[in-house]
Each structure stands twice: as C-alpha cells, then as structure tokens.
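Inspection log for the structure reproduced underneath, given as structure tokens.
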Number of protein chains: 2
Amino acid sequence: MSSVNEQAPATRMKAEDRRELVLAAATAVFGERGYFGATTDAVAKAAGVSQPYVVRMFGTKEALFLAVLTRALDRLLGAFRVALAGDGPAHPDGSAAPHRGLGAAYAELLADRGLLLSLMHGFILGSDTEIGACARAGFLQVYRFLREDAGFSADEVHEFLAEGMLLNTLVGIRMAVDYDTDPAARELLDTALPTKAEFLLALEGQRKPQA
Amino acid sequence: MSSVNEQAPATRMKAEDRRELVLAAATAVFGERGYFGATTDAVAKAAGVSQPYVVRMFGTKEALFLAVLTRALDRLLGAFRVALAGDGPAHPDGSAAPHRGLGAAYAELLADRGLLLSLMHGFILGSDTEIGACARAGFLQVYRFLREDAGFSADEVHEFLAEGMLLNTLVGIRMAVDYDTDPAARELLDTALPTKAEFLLALEGQRKPQA
DNA sequence: GTCTATAGGATGATAGAC
DNA sequence: GTCTATCATCCTATAGAC
C-alpha cells in the first residue's frame with residue numbers, strides 16, 4: 001500500500017469520498033461539542049483538510065451540521081431496517097419480537113459515539129429554525145418507522161424512545177468515567193445497559209485511567 | 001408600586017437579588033442555545049444589565065453556566081423533596097406511592113423551560129472537563145435521591161430517568177410545534193405526557209400559530 | 001453596584017493561486 | 001480538488017469612571 005495518509009498536503013480524491021470522510025469527522029466533533037461548540041477548523045483538522053475547504057464543500061457550518069444530522073438519521077434507520085429484516089441466527093427461541101433486535105441495533109450504533117450524540121445535540125436545539133425543523137422531522141421519521149414498520153404500539157414506541165434518550169444521555173455525560181469509583185454510577189450503568197458487550201465497547205476509553 | 005423595570009439604566013439592587021435575576025435570565029438563554037451557543041451578552045440583555053457586569057458577577061462564562069446548573073439541580077431536588085414530603089391532599093386512594101408525586105413534580109418544573117434544558121445541555125457536554133464533572137455529580141445526586149430517599153428500586157430509577165430524558169428531549173426539540181399538523185407528533189406527545197395539564201402549560205407558545 | 005469603552009482572541013467565510 | 005492568505009465579525013474579558 002502507498003504511504004498516503006490524512007495529514008499529507010491532501011491527496012487528490014473523488015469529491016464523494018472526501019465528503020464522506022469530512023462528514024465522519026464532523027460527526028465526531030459535533031458529537032463532542034454540539035453545533036455551536038464545534039468549529040469548522042476542528043472538523044477540518046479531524047478530517048485532515050483545510051478549514052476553508054470544509055466550508056467550501058458544504059457552503060456553511062449550518063449546512064454541514066444538517067448534513068451530519070441527515071446522515072446520522074439514515075444510518076440509524078438503516079441499522080433498524082437491517083435488524084428488522086433479521087434473517088440472521090438471532091434468538092431462535094422466539095423471544096420478545098423486534099424489541100430485542102432494534103435495541104441491539106441501537107446499542108451497536110453507540111460504537112460511533114458521535115452519531116447518536118450529534119443527533120442528541122440537534123434534538124435539544126429545537127428553538128433554532130433550521131436545525132429544529134430538521135431534528136423534528138428526523139425524530140418523527142424514527143417514530144413512524146417504529147410505529148408502522150416495526151409494528152410497535154404507541155406505548156411501546158414511547159418506552160423504546162425513552163430508553164434511547166437515557167442511553168444517549170449517559171453516553172453524552174460520560175457516566176462511565178465514574179463506573180469504577182462511584183457505586184451509584186455503576187448500578188445505573190449496569191441497569192441501563194441493553195447488551196452489556198456492545199455498551200461497554202462504546203464506553204471503552206471513557207473510564208478514568210485508574211481506580 | 002414604583003415604575004422600576006429591568007431595562008432602565010440599572011436600578012441599584014442588593015447583590016444577591018441581582019444575582020438571582022441574572023441566574024434566571026441565564027437559565028433561559030442557556031436552555032435555548034446551550035453553553036457554547038449562549039453569549040454573555042444575550043444573558044445580560046435578558047437580565048437587563050450590561051454584559052461586563054454579568055461577567056464581573058460570576059468571573060467567567062463557564063462559572064456562570066456552572067452556577068446555572070447547580071441552581072437547577074437545587075430546584076429539582078427541592079421540588080422532589082417537597083413532593084416526597086407530600087402531606088398535602090394528593091391521591092388519598094393510596095395509589096402508586098412516590099412515583100406519581102415525583103413525576104408530577106418533574107412535570108411542573110417544565111414550566112421553567114430553561115431549567116431542565118440547561119441541565120440537558122450540561123448532561124451531553126460530558127467531554128468538557130469542568131462541565132462534565134458538574135453534570136455527572138448532579139446526575140448521580142438525583143440518582144441517589146431517587147434510590148435512597150424516594151425508595152425506588154434500581155429498575156424504577158432507571159425507568160423514571162428514561163422517562164425524564166425523553167420529556168426533556170421532547171421539550172428541547174419543540175415537538176409541540178407539530179402537535180396540530182402531524183398525527184405522529186400528536187400521538188407521541190399524548191402518550192408521553194405525564195399530567196396533561198402541566199405539560200401543555202409548559203408547551204404553550206410552542207405550537208405553530210395556525211394549523 | 002453598575003456602566004462605557006475597548007482590548008484581544010477566535011471563528012466563519014471569501015478570494016484567488018495551484 | 002485543495003490550499004494559503006486574509007477580512008470582518010463576534011465575543012469574552014479587562015480597565016476604569018461614576
């Protein structure tokens with residue numbers, strides 16, 4: 001393989017590939033600091049390109065954030081659809097229908113921490129005209145998917161979403177840094193974890209260095 | 001009553017009163033735009049004082065935000081304690097113990113929209129050293145209160161918190177603006193509302209002008 | 001206790017070369 | 001397709017008067 005990496009003076013690349021690369025970087029940055037806290041420069045550095053180029057590609061910072069939200073939503077629904085199709089050798093004991101599968105799919109998304117957190121940041125910026133509209137539309141899209149395609153009842157969707165928002169919050173607050181030092185944090189996380197494996201994976205690196 | 005109001009050249013006032021006034025204003029502003037999105041100038045305007053004075057009172061913007069978070073936590077726990085004491089003529093039919101009371105208390109806090117939303121913004125900024133530490137400590141304080149003082153089981157706390165995070169999210173995303181135009185939004189809100197009265201109160205003014 | 005003026009430091013966006 | 005240079009704006013924080 002050629003020794004080309006991201007920090008070199010920018011290897012030429014097809015627009016679409018570079019776009020995806022920047023979107024991934026932006027997802028991470030927006031996930032950590034939110035829309036206002038993230039800078040286009042931080043995104044650029046994370047993607048290994050120049051700041052003006054990031055702006056050039058998406059027009060404005062806001063457009064970039066909207067693109068991140070849209071991409072995150074697509075992935076979320078995509079993962080749900082795959083889980084729903086579920087032809088794989090899941091739980092052949094015919095346990096609680098789609099719940100398990102979708103919950104697990106959601107937990108897997110936690111691996112890309114920025115994805116769910118960018119969404120979360122978008123969700124609580126409802127008072128912003130553009131971002132708010134995008135966030136509401138996305139949230140409702142998920143709601144409809146669960147209700148119609150996954151066949152949840154209104155109460156089931158409600159419970160599923162509540163669970164999801166708590167999970168997002170726990171990841172965002174980095175509750176895992178207190179896992180080893182605070183019994184309450186440990187109990188909370190142990191209770192909240194859907195599939196321990198995936199969740200711990202997502203939290204890896206958040207724990208405090210030592211006890 | 002004297003015709004003194006907030007936009008006059010700043011009537012002299014005891015420090016503590018002005019501090020509370022600024023904290024209330026800051027809570028509203030941080031609730032809408034989050035830590036990074038809010039400016040000390042916006043807080044100052046909302047409080048009817050000058051921007052440098054806001055900074056002077058709290059030292060830094062970050063210190064102001066931490067003060068807002070601490071105050072919000074205090075109010076939250078205060079409301080919970082009152083609800084728990086619950087000597088009032090609540091549900092004398094001895095229905096589901098503290099759950100109802102605490103849920104209602106939480107719903108009432110929604111009236112001060114900025115309060116819960118400022119907390120929410122703090123919660124998802126866990127990667128910020130100072131804010132994250134404050135947020136985690138606060139969240140765990142609530143957890144312990146529910147677990148120890150309110151006597152919830154680990155599962156009950158978990159469910160209660162999940163419900164709360166969903167509520168916060170729905171307020172933050174302003175789902176109510178779609179209440180009259182989107183069936184999904186309506187169903188979601190109808191299902192999620194704890195005590196319809198309080199919640200609708202909190203959402204008042206969020207709905208779209210017309211259908 | 002509170003303000004005006006302003007320094008100093010980002011940051012988003014544009015212009016234009018390669 | 002991608003960068004360097006740079007402008008204009010905004011924003012936190014300080015200095016100092018009243």
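- The side-chain heavy atoms of B:Leu170 and A:Phe123, taken from C-beta on, include no pair separated by under 4.5 Å.
- Using a 4.0 Å cut-off between a side-chain N of Lys or Arg and a carboxylate O of Asp or Glu, A:Arg75 and A:Glu20 qualify as a salt bridge.
- Contacts with DNA chain C (heavy atom under 4.0 Å) in residues 53-72 of chain A: A:Arg56, A:Thr60, A:Lys61, listed by number.
- Between A:Tyr35 and B:Lys14, the residue anchored closer to the 5' end of DNA chain C is B:Lys14, taking for each the nucleotide with the nearest heavy atom.
- Picking from C:dT11, D:dT2, D:dC3 the nucleotide with the shortest atom distance to the side chain of A:Ser50 gives D:dC3.
- Separating the CZ atom of A:Phe36 from the C1' atom of D:dT12 is a distance of 17 Å, rounded to the nearest angstrom.
- You'll find that the side chain of A:Ala15 is closest to D:dG1, out of D:dG1, C:dC3, D:dT14.
- Straight-line distance from the CG atom of B:Asp41 to the P atom of C:dT6: 17 Å, rounded to whole Å.
- Side-chain atoms of B:Phe30 and B:Leu69, non-hydrogen and from C-beta on, never get closer than 4.5 Å to each other.
- Summarising the geometry, the separation between CZ on A:Arg18 and P on D:dG1 is reported as 11 Å, rounded to the nearest angstrom.
- A salt bridge links B:Asp182 to A:Arg144: at least one charged side-chain nitrogen sits closer than 4.0 Å to a carboxylate oxygen.
- With contacts defined as side-chain heavy-atom distances shorter than 4.5 Å, the pair A:Tyr106/A:Leu102 does not qualify.
- Residues A:Met120 and A:Met165 form a side-chain contact, since some pair of their non-hydrogen atoms from C-beta on lies under 4.5 Å apart.
- Atom CD of A:Gln51 is separated from atom C1' of C:dG12 by 6 Å (rounded to the nearest Å).
- Residue-level contact check: B:Ala38 touches the backbone only, with heavy atoms under 4.0 Å from sugar-phosphate atoms and none from bases.
- Of all nucleotides listed (C:dT4, C:dG1, C:dT14), C:dT14 comes nearest to the side chain of A:Pro52.
- Contact annotation: B:Thr40 side-chain N/O to D:dC11 OP1/OP2 distance is not under 4.0 Å.
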